[in-house]
**Q** 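The structure that follows is given in the form of C-alpha coordinates.
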Amino acid sequence: MAMKTKARAMTGLTLGGVLLALGGCAHPQGAVPARGEMIAYVGTQADGPGQGIVALELDPRTGTLGAPVLAAEADHPTWVLVDAARHRLFTVSEVGKPGEVDGTLASYGYDPASGALSLLGRGGSGGAGPTHLALSPDGGTLFVANYSSGIVASSAIGAGGAPGATPVIVLQHIGSGPSPRQKGPHAHGVTLDPSGRFLLAADLGTDKVYLYHFDDARHTLEPAAEPFVMLPPGSGPRHAVFAPDGRHVFVLTEMEGAIHSFAWDARKGRLREVSRVALDAPDFAGRRSGSELAVSRDGRFLYAGNRGANTLQVYAVDRNGALTPVQVIDCGGRTPWGFSLAPDGRWLMVANQGGNGEGAQGNVALFVVDPASGRLTDSGTRMPVYKPSSVAFIEEAVP
(Lines give C-alpha, C1' and ligand atoms only; values in the text may rest on other atoms or scores of the structure.)
Protein backbone atom coordinates (compact mmCIF):
# COMPACT_ATOMS: atom_id res chain seq x y z
CA MET A 1 0.00 0.00 0.00
CA ALA A 2 1.45 3.38 -0.93
CA MET A 3 2.48 5.76 1.81
CA LYS A 4 0.26 8.46 0.33
CA THR A 5 -2.78 6.32 1.10
CA LYS A 6 -1.37 5.47 4.51
CA ALA A 7 -0.80 9.13 5.29
CA ARG A 8 -4.49 9.85 4.85
CA ALA A 9 -5.37 6.96 7.16
CA MET A 10 -2.85 8.01 9.78
CA THR A 11 -3.84 11.64 9.98
CA GLY A 12 -7.39 10.63 10.83
CA LEU A 13 -6.20 9.35 14.19
CA THR A 14 -3.34 11.69 15.05
CA LEU A 15 -3.63 14.38 17.67
CA GLY A 16 -2.82 17.14 15.23
CA GLY A 17 -3.79 15.55 11.94
CA VAL A 18 -0.94 17.33 10.17
CA LEU A 19 1.09 15.96 7.27
CA LEU A 20 4.68 17.17 7.59
CA ALA A 21 5.85 19.09 4.54
CA LEU A 22 9.40 17.81 4.78
CA GLY A 23 10.07 16.71 1.24
CA GLY A 24 12.84 14.24 0.51
CA CYS A 25 12.97 11.24 -1.80
CA ALA A 26 13.42 7.51 -1.52
CA HIS A 27 16.10 5.40 -3.17
CA PRO A 28 15.32 1.72 -3.86
CA GLN A 29 18.05 -0.69 -2.78
CA GLY A 30 18.84 -4.39 -2.88
CA ALA A 31 15.94 -6.81 -2.44
CA VAL A 32 15.28 -8.65 0.81
CA PRO A 33 12.70 -11.36 1.52
CA ALA A 34 9.16 -9.99 1.54
CA ARG A 35 7.81 -9.64 5.07
CA GLY A 36 5.21 -6.94 4.59
CA GLU A 37 5.74 -3.22 5.06
CA MET A 38 7.36 -1.70 8.15
CA ILE A 39 6.76 1.61 9.90
CA ALA A 40 9.42 3.49 11.82
CA TYR A 41 8.26 5.85 14.55
CA VAL A 42 10.80 8.60 15.15
CA GLY A 43 11.04 10.40 18.49
CA THR A 44 12.12 14.04 18.31
CA GLN A 45 13.34 16.89 20.46
CA ALA A 46 10.72 19.15 18.91
CA ASP A 47 7.75 20.80 20.58
CA GLY A 48 4.90 23.12 19.70
CA PRO A 49 2.03 22.82 17.19
CA GLY A 50 2.68 20.46 14.31
CA GLN A 51 5.61 18.73 16.02
CA GLY A 52 5.98 15.40 17.81
CA ILE A 53 6.26 11.73 16.85
CA VAL A 54 6.98 11.21 13.17
CA ALA A 55 6.22 8.04 11.17
CA LEU A 56 7.88 6.77 8.00
CA GLU A 57 7.00 3.71 5.96
CA LEU A 58 9.77 1.34 4.89
CA ASP A 59 9.37 -1.31 2.19
CA PRO A 60 11.92 -3.93 3.32
CA ARG A 61 11.93 -5.59 -0.09
CA THR A 62 13.29 -2.52 -1.87
CA GLY A 63 14.48 -0.08 0.79
CA THR A 64 11.97 2.51 -0.38
CA LEU A 65 11.22 5.02 2.36
CA GLY A 66 7.97 6.98 2.37
CA ALA A 67 7.54 10.64 3.22
CA PRO A 68 7.44 11.61 6.93
CA VAL A 69 4.01 11.93 8.54
CA LEU A 70 3.14 13.47 11.90
CA ALA A 71 1.75 10.51 13.82
CA ALA A 72 1.06 12.34 17.10
CA GLU A 73 1.61 15.85 18.37
CA ALA A 74 3.76 15.80 21.52
CA ASP A 75 6.27 17.96 23.40
CA HIS A 76 9.84 16.68 23.29
CA PRO A 77 9.00 12.98 22.71
CA THR A 78 12.70 12.15 22.67
CA TRP A 79 12.39 8.40 23.28
CA VAL A 80 9.90 6.01 21.67
CA LEU A 81 9.40 2.37 22.69
CA VAL A 82 7.24 -0.21 20.89
CA ASP A 83 5.33 -2.98 22.67
CA ALA A 84 4.81 -5.13 19.59
CA ALA A 85 2.89 -7.87 21.41
CA ARG A 86 0.14 -5.45 22.48
CA HIS A 87 0.30 -2.91 19.63
CA ARG A 88 1.31 -0.06 21.91
CA LEU A 89 3.82 2.76 21.62
CA PHE A 90 5.22 4.47 24.71
CA THR A 91 7.03 7.79 24.77
CA VAL A 92 8.43 10.33 27.19
CA SER A 93 7.90 14.06 27.20
CA GLU A 94 11.34 15.35 28.16
CA VAL A 95 10.21 18.41 30.08
CA GLY A 96 10.11 19.55 33.71
CA LYS A 97 12.38 21.09 36.32
CA PRO A 98 13.93 19.12 39.20
CA GLY A 99 11.98 19.55 42.41
CA GLU A 100 9.26 21.58 40.71
CA VAL A 101 7.71 20.02 37.59
CA ASP A 102 7.93 16.40 36.47
CA GLY A 103 8.00 15.13 32.94
CA THR A 104 5.27 12.93 31.50
CA LEU A 105 4.79 9.52 29.91
CA ALA A 106 2.30 8.73 27.17
CA SER A 107 0.91 5.54 25.69
CA TYR A 108 -0.61 5.12 22.23
CA GLY A 109 -2.33 2.23 20.56
CA TYR A 110 -1.20 1.65 16.99
CA ASP A 111 -2.86 0.06 14.02
CA PRO A 112 -0.34 -2.41 12.54
CA ALA A 113 -1.97 -2.10 9.11
CA SER A 114 -1.74 1.69 8.83
CA GLY A 115 0.51 2.84 11.67
CA ALA A 116 -2.16 5.22 12.96
CA LEU A 117 -1.76 6.21 16.62
CA SER A 118 -4.53 6.74 19.17
CA LEU A 119 -3.77 8.15 22.62
CA LEU A 120 -4.44 5.69 25.46
CA GLY A 121 -3.41 7.95 28.30
CA ARG A 122 -0.67 9.92 30.07
CA GLY A 123 1.03 9.71 33.44
CA GLY A 124 3.79 11.31 35.46
CA SER A 125 7.40 10.24 35.00
CA GLY A 126 8.34 10.75 38.67
CA GLY A 127 11.11 13.23 37.86
CA ALA A 128 12.25 15.93 35.48
CA GLY A 129 13.60 15.45 31.98
CA PRO A 130 12.69 11.79 31.24
CA THR A 131 14.93 10.45 28.47
CA HIS A 132 14.62 6.67 28.27
CA LEU A 133 12.16 3.80 28.79
CA ALA A 134 12.08 0.05 29.30
CA LEU A 135 9.15 -2.37 29.56
CA SER A 136 8.62 -5.55 31.57
CA PRO A 137 8.08 -8.77 29.57
CA ASP A 138 4.38 -8.91 30.42
CA GLY A 139 3.87 -5.27 29.40
CA GLY A 140 2.60 -4.40 32.87
CA THR A 141 5.41 -2.15 34.13
CA LEU A 142 7.10 0.78 32.44
CA PHE A 143 10.50 1.98 33.68
CA VAL A 144 11.77 5.50 33.08
CA ALA A 145 15.10 7.29 33.50
CA ASN A 146 14.66 10.96 34.47
CA TYR A 147 17.86 12.66 33.36
CA SER A 148 17.48 16.13 34.83
CA SER A 149 16.64 14.98 38.35
CA GLY A 150 18.64 11.72 38.44
CA ILE A 151 15.58 9.61 39.25
CA VAL A 152 14.56 6.12 38.12
CA ALA A 153 10.87 5.24 38.46
CA SER A 154 8.48 2.41 37.65
CA SER A 155 4.89 2.89 36.51
CA ALA A 156 2.10 0.33 36.43
CA ILE A 157 0.35 0.02 33.06
CA GLY A 158 -3.42 -0.22 33.38
CA ALA A 159 -5.67 -2.69 31.59
CA GLY A 160 -6.36 -0.06 28.92
CA GLY A 161 -2.66 0.42 28.24
CA ALA A 162 -2.18 3.79 29.95
CA PRO A 163 0.58 4.49 32.50
CA GLY A 164 -0.46 5.32 36.05
CA ALA A 165 -1.03 8.95 36.99
CA THR A 166 1.92 8.65 39.38
CA PRO A 167 4.75 6.09 39.50
CA VAL A 168 4.60 3.13 41.84
CA ILE A 169 8.11 3.81 43.07
CA VAL A 170 10.63 6.63 42.65
CA LEU A 171 14.35 6.10 43.34
CA GLN A 172 16.66 9.10 43.69
CA HIS A 173 20.29 8.63 42.68
CA ILE A 174 22.90 10.46 44.77
CA GLY A 175 26.36 11.65 43.81
CA SER A 176 28.38 13.59 41.26
CA GLY A 177 31.43 13.32 39.03
CA PRO A 178 34.51 15.33 38.07
CA SER A 179 33.06 16.93 34.92
CA PRO A 180 31.09 20.23 34.98
CA ARG A 181 28.27 18.15 33.47
CA GLN A 182 28.30 15.90 36.55
CA LYS A 183 27.32 18.28 39.34
CA GLY A 184 24.54 15.86 40.27
CA PRO A 185 23.02 12.54 39.19
CA HIS A 186 21.66 12.16 35.64
CA ALA A 187 19.85 8.85 35.08
CA HIS A 188 20.16 8.38 31.34
CA GLY A 189 19.15 4.82 30.44
CA VAL A 190 17.14 1.90 31.86
CA THR A 191 17.47 -1.71 30.67
CA LEU A 192 15.73 -4.84 31.96
CA ASP A 193 17.73 -8.06 31.86
CA PRO A 194 16.36 -10.95 29.74
CA SER A 195 15.20 -12.83 32.86
CA GLY A 196 12.98 -9.87 33.77
CA ARG A 197 14.33 -9.87 37.34
CA PHE A 198 16.81 -7.01 37.31
CA LEU A 199 16.86 -3.45 36.01
CA LEU A 200 20.10 -1.68 35.09
CA ALA A 201 20.18 2.13 35.19
CA ALA A 202 23.09 4.00 33.58
CA ASP A 203 23.72 7.32 35.36
CA LEU A 204 25.82 9.85 33.47
CA GLY A 205 26.22 12.15 36.47
CA THR A 206 27.59 9.64 38.98
CA ASP A 207 29.62 7.34 36.67
CA LYS A 208 27.64 4.37 37.95
CA VAL A 209 25.42 1.64 36.56
CA TYR A 210 22.82 0.98 39.26
CA LEU A 211 21.32 -2.50 39.68
CA TYR A 212 17.79 -3.01 40.97
CA HIS A 213 15.78 -6.12 41.72
CA PHE A 214 12.36 -5.97 40.07
CA ASP A 215 9.23 -7.32 41.74
CA ASP A 216 6.82 -7.96 38.88
CA ALA A 217 3.75 -8.51 41.08
CA ARG A 218 4.13 -5.14 42.84
CA HIS A 219 5.79 -3.19 39.97
CA THR A 220 8.53 -2.17 42.43
CA LEU A 221 12.32 -1.84 42.41
CA GLU A 222 14.82 -2.20 45.23
CA PRO A 223 18.65 -2.10 45.21
CA ALA A 224 20.34 -5.39 44.34
CA ALA A 225 22.80 -7.08 46.68
CA GLU A 226 25.57 -5.23 44.82
CA PRO A 227 23.68 -1.98 44.14
CA PHE A 228 25.99 -0.51 41.49
CA VAL A 229 29.21 -0.81 39.51
CA MET A 230 31.59 2.12 39.11
CA LEU A 231 32.90 3.21 35.73
CA PRO A 232 35.91 5.51 35.18
CA PRO A 233 35.58 9.02 36.64
CA GLY A 234 34.12 11.41 34.09
CA SER A 235 33.08 8.60 31.72
CA GLY A 236 29.35 9.38 31.81
CA PRO A 237 27.44 6.07 31.35
CA ARG A 238 24.58 6.60 28.91
CA HIS A 239 22.92 3.36 27.72
CA ALA A 240 23.27 -0.38 28.28
CA VAL A 241 22.13 -3.34 26.15
CA PHE A 242 22.11 -7.07 26.79
CA ALA A 243 23.31 -9.76 24.44
CA PRO A 244 20.33 -11.89 23.28
CA ASP A 245 21.50 -14.88 25.33
CA GLY A 246 21.68 -12.72 28.46
CA ARG A 247 25.30 -13.61 29.23
CA HIS A 248 26.80 -10.19 28.57
CA VAL A 249 25.96 -6.50 28.94
CA PHE A 250 27.44 -3.66 26.92
CA VAL A 251 27.54 -0.17 28.46
CA LEU A 252 28.19 2.91 26.33
CA THR A 253 29.80 5.90 28.01
CA GLU A 254 28.92 9.26 26.51
CA MET A 255 31.76 11.51 27.66
CA GLU A 256 34.52 8.90 27.61
CA GLY A 257 33.30 7.58 24.26
CA ALA A 258 33.84 3.89 25.04
CA ILE A 259 32.01 0.56 25.24
CA HIS A 260 32.47 -1.49 28.41
CA SER A 261 31.65 -5.22 28.14
CA PHE A 262 30.47 -7.04 31.25
CA ALA A 263 29.72 -10.66 32.05
CA TRP A 264 26.25 -10.90 33.60
CA ASP A 265 25.32 -13.23 36.45
CA ALA A 266 21.54 -13.44 36.06
CA ARG A 267 21.12 -15.51 39.22
CA LYS A 268 22.84 -13.04 41.55
CA GLY A 269 22.37 -9.86 39.52
CA ARG A 270 26.07 -9.05 39.26
CA LEU A 271 28.30 -7.47 36.63
CA ARG A 272 31.96 -8.29 35.97
CA GLU A 273 33.85 -6.20 33.43
CA VAL A 274 35.66 -8.22 30.75
CA SER A 275 36.80 -5.62 28.21
CA ARG A 276 36.73 -2.00 27.08
CA VAL A 277 37.02 -0.51 23.61
CA ALA A 278 37.27 3.20 22.75
CA LEU A 279 35.15 4.58 19.93
CA ASP A 280 37.91 6.94 18.81
CA ALA A 281 41.65 6.69 18.25
CA PRO A 282 43.90 8.07 21.02
CA ASP A 283 44.80 11.08 18.87
CA PHE A 284 41.18 12.00 18.09
CA ALA A 285 40.98 15.81 18.37
CA GLY A 286 37.19 16.22 18.56
CA ARG A 287 34.79 15.96 21.47
CA ARG A 288 34.16 12.32 22.36
CA SER A 289 30.44 11.54 22.51
CA GLY A 290 28.93 8.05 22.44
CA SER A 291 25.18 7.98 21.78
CA GLU A 292 23.50 4.63 21.18
CA LEU A 293 23.97 0.84 21.09
CA ALA A 294 22.12 -2.05 19.43
CA VAL A 295 22.87 -5.78 19.19
CA SER A 296 22.07 -7.97 16.20
CA ARG A 297 19.41 -10.63 16.75
CA ASP A 298 22.00 -13.43 16.69
CA GLY A 299 24.24 -11.56 19.14
CA ARG A 300 27.25 -11.65 16.82
CA PHE A 301 27.50 -7.90 16.19
CA LEU A 302 27.22 -4.71 18.21
CA TYR A 303 26.40 -1.32 16.64
CA ALA A 304 27.40 1.99 18.22
CA GLY A 305 26.71 5.65 17.49
CA ASN A 306 29.55 8.16 17.72
CA ARG A 307 28.33 11.77 17.79
CA GLY A 308 31.82 13.21 18.08
CA ALA A 309 33.05 11.71 14.81
CA ASN A 310 29.58 11.52 13.13
CA THR A 311 29.96 7.79 12.52
CA LEU A 312 28.28 4.45 13.05
CA GLN A 313 30.62 1.70 14.25
CA VAL A 314 30.31 -2.07 14.04
CA TYR A 315 31.97 -4.61 16.34
CA ALA A 316 32.11 -8.40 16.33
CA VAL A 317 31.23 -9.97 19.69
CA ASP A 318 33.14 -13.09 20.75
CA ARG A 319 31.90 -15.79 23.10
CA ASN A 320 33.42 -13.97 26.09
CA GLY A 321 31.76 -10.66 25.25
CA ALA A 322 34.95 -8.99 23.98
CA LEU A 323 34.63 -6.68 20.96
CA THR A 324 36.64 -6.55 17.72
CA PRO A 325 36.21 -3.54 15.38
CA VAL A 326 34.61 -4.43 12.04
CA GLN A 327 33.69 -1.11 10.44
CA VAL A 328 33.45 2.66 10.83
CA ILE A 329 31.04 4.41 8.43
CA ASP A 330 29.74 7.96 8.07
CA CYS A 331 26.29 8.32 9.71
CA GLY A 332 24.73 10.11 6.73
CA GLY A 333 24.35 13.43 8.52
CA ARG A 334 25.65 14.98 11.71
CA THR A 335 25.26 14.08 15.39
CA PRO A 336 23.76 10.55 15.24
CA TRP A 337 21.51 10.66 18.33
CA GLY A 338 19.76 7.30 18.15
CA PHE A 339 19.14 4.40 15.80
CA SER A 340 17.36 1.08 15.56
CA LEU A 341 17.64 -2.19 13.66
CA ALA A 342 14.55 -3.17 11.69
CA PRO A 343 12.69 -6.32 12.82
CA ASP A 344 14.13 -8.33 9.93
CA GLY A 345 17.66 -7.33 10.94
CA ARG A 346 18.48 -6.16 7.42
CA TRP A 347 18.07 -2.41 7.83
CA LEU A 348 19.34 0.19 10.28
CA MET A 349 17.77 3.63 10.55
CA VAL A 350 19.66 6.43 12.28
CA ALA A 351 18.29 9.71 13.63
CA ASN A 352 20.81 12.45 12.83
CA GLN A 353 20.23 15.71 14.72
CA GLY A 354 22.06 17.62 11.99
CA GLY A 355 21.34 16.96 8.34
CA ASN A 356 23.91 16.89 5.56
CA GLY A 357 22.65 19.83 3.55
CA GLU A 358 22.80 23.59 3.97
CA GLY A 359 20.10 24.73 6.41
CA ALA A 360 19.07 21.15 7.22
CA GLN A 361 17.86 20.58 10.79
CA GLY A 362 18.14 16.83 11.01
CA ASN A 363 17.42 13.73 8.97
CA VAL A 364 16.96 10.00 9.17
CA ALA A 365 19.36 7.91 7.10
CA LEU A 366 18.87 4.29 6.05
CA PHE A 367 21.60 1.65 5.96
CA VAL A 368 21.60 -1.91 4.60
CA VAL A 369 22.85 -4.55 7.07
CA ASP A 370 24.80 -7.60 5.89
CA PRO A 371 23.71 -10.32 8.36
CA ALA A 372 26.77 -12.44 7.60
CA SER A 373 29.48 -9.81 8.18
CA GLY A 374 27.53 -7.27 10.22
CA ARG A 375 28.76 -4.52 7.93
CA LEU A 376 26.62 -1.53 6.93
CA THR A 377 26.13 -0.09 3.45
CA ASP A 378 24.74 3.41 3.07
CA SER A 379 21.57 3.12 1.00
CA GLY A 380 21.70 6.80 0.06
CA THR A 381 18.20 7.31 1.46
CA ARG A 382 17.72 10.48 3.51
CA MET A 383 14.53 11.98 4.90
CA PRO A 384 14.47 15.41 6.57
CA VAL A 385 13.01 15.22 10.10
CA TYR A 386 13.25 18.06 12.61
CA LYS A 387 15.50 17.19 15.59
CA PRO A 388 15.12 13.38 15.43
CA SER A 389 16.37 11.52 18.50
CA SER A 390 15.20 7.87 18.50
CA VAL A 391 13.68 5.20 16.24
CA ALA A 392 11.28 2.30 16.93
CA PHE A 393 9.99 -0.09 14.25
CA ILE A 394 6.77 -2.01 13.84
CA GLU A 395 5.91 -4.58 11.19
CA GLU A 396 2.62 -4.00 9.44
CA ALA A 397 0.12 -6.77 8.86
CA VAL A 398 0.91 -8.62 5.65
CA PRO A 399 -1.85 -7.91 3.07
**Q** What's the shortest heavy-atom distance between Ser136 and Gly140, and which atoms?
**A** OG-N, 3.3 Å
**Q** Give a yes or no answer on whether the side chain of Arg382 reaches the backbone of Gly332 with a donor-acceptor pair at less than 3.5 Å.
**A** yes
**Q** Are Val274 and Val251 connected in the hydrophobic side-chain network, where two residues link if heavy atoms are under 4.5 Å apart?
**A** no
**Q** Using modelled atom types and a 3.5 Å cut-off, is there a donor and acceptor pairing between side-chain atoms of Ser389 and backbone atoms of Gly43?
**A** yes
**Q** Counting only heavy atoms not in Arg181, do more than 12 fall under 6.0 Å of its CZ?
**A** yes
**Q** For the pair Tyr147 and His188, name the ring-plane relationship: parallel under 30°, tilted 30 to 60°, perpendicular over 60°.
**A** perpendicular
**Q** For the pair Tyr210 and Tyr212, name the ring-plane relationship: parallel under 30°, tilted 30 to 60°, perpendicular over 60°.
**A** parallel
**Q** Are the side chain of Asn310 and the backbone of Thr335 linked by a donor-acceptor contact shorter than 3.5 Å?
**A** yes
**Q** With sequence neighbours excluded, give me every side-chain hydrogen bond (donor to acceptor under 3.5 Å, both in side chains) pair touching residues 190-205.
**A** His173-Asp203, Asp193-Ser195, Asp193-Trp264, Asp203-Thr206
**Q** Dump the intermediate steps for salt bridge (Lys or Arg N to Asp or Glu O under 4.0 Å) on Glu292 and Arg238, then the final yes or no.
**A** CA-CA 8 Å; Glu292 185 60 291; Arg238 180 180 174 92; over 6 Å; no
**Q** Under 6.0 Å from the CZ atom of Arg287, do we count more than 12 heavy atoms belonging to anything else shown?
**A** no
**Q** Does Leu200 share a hydrophobic cluster with Leu192, counting links as ILVMFWY side-chain heavy atoms below 4.5 Å and allowing steps through other members?
**A** no
**Q** Sub-3.5 Å donor-acceptor pair from the side chain of Asn352 to the main-chain atoms of Gly354, do we have one?
**A** no
**Q** Could you go through the salt bridge (Lys or Arg N to Asp or Glu O under 4.0 Å) check for Arg334 and Asp330 one step at a time?
**A** CA-CA 9 Å; Arg334 296 192 303 275; Asp330 186 273; over 6 Å; no
